[in-house]
Amino acid sequence: ATTSGALTIKSADAGAAGTSGLLSFSSGTSSSGTTGTVSIGSGAAAGGAGGAVAISVGSGTVGAGGDLTLAAGESSANSVAGGKVSINGG
């Protein structure tokens, strides 16, 4: 095949005056170890351009647009820093 398949994950549309559904991706909690990783990415291309990853927030026609929050984890351990938020260009 020359093209791999597409995967779409979408909540249902809202009714005339409702709110559309929530999509939540998360790893489980851990009481005495490291929690899992949630990774979203595109594949590498050997003979073409790499795929894009787009994160977009909905706009509002009457109310405010949605928020975009990127947050790294905190640490409650002494002398241990919280996580980093890194944004790197190619």
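Positions are given from 1, in the same order as the sequence printed here. Just so it is clear, the values below take in all heavy atoms, side chains as well, and ignore hydrogens, waters and symmetry mates.
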- Sub-4.5 Å side-chain heavy-atom contact between Asp13 and Ser20: no
- Note on the structure: Shortest non-hydrogen pair, Ala45 vs Gly48, comes out as CB-O, 3.4 Å
- Message: Please give me the minimum heavy-atom distance between Leu70 and Ile87, naming the atom from each residue.
- Response: CD1-CD1, 4.4 Å
- Item | Heavy-atom pair of closest approach, residues Ala71 and Val85 | C-CG2, 4.2 Å
- Task: Report yes or no: do Leu7 and Val53 belong to one cluster of Ile/Leu/Val/Met/Phe/Trp/Tyr joined by side chain heavy-atom distances under 4.5 Å?
- Result: no
- Sequence neighbours left out, what passes side-chain hydrogen bond (donor to acceptor under 3.5 Å, both in side chains) with Lys84? Give chain and number order. none
- Message: Please give me the minimum heavy-atom distance between Gly51 and Ser42, naming the atom from each residue.
- Response: O-OG, 2.7 Å
- Which atom of Leu22 lies closest to which atom of Ser11, heavy atoms considered: N-CB, 4.4 Å
- Task: Flag yes if Ile55 and Ile40 sit in one hydrophobic cluster, no otherwise; membership is Ile, Leu, Val, Met, Phe, Trp, Tyr, and two members link when side-chain heavy atoms are under 4.5 Å apart.
- Result: no
- So, the side chain of Ser30 versus the backbone of Thr35: is there a donor-acceptor pair under 3.5 Å, distance only? no
- Note on the structure: Ser75 and Ala81 have their tightest heavy-atom pair at CB-O, 3.7 Å
- Message: More than 12 heavy atoms of other residues, nucleotides or ligands under 6.0 Å from CG of Leu23: yes or no?
- Response: yes
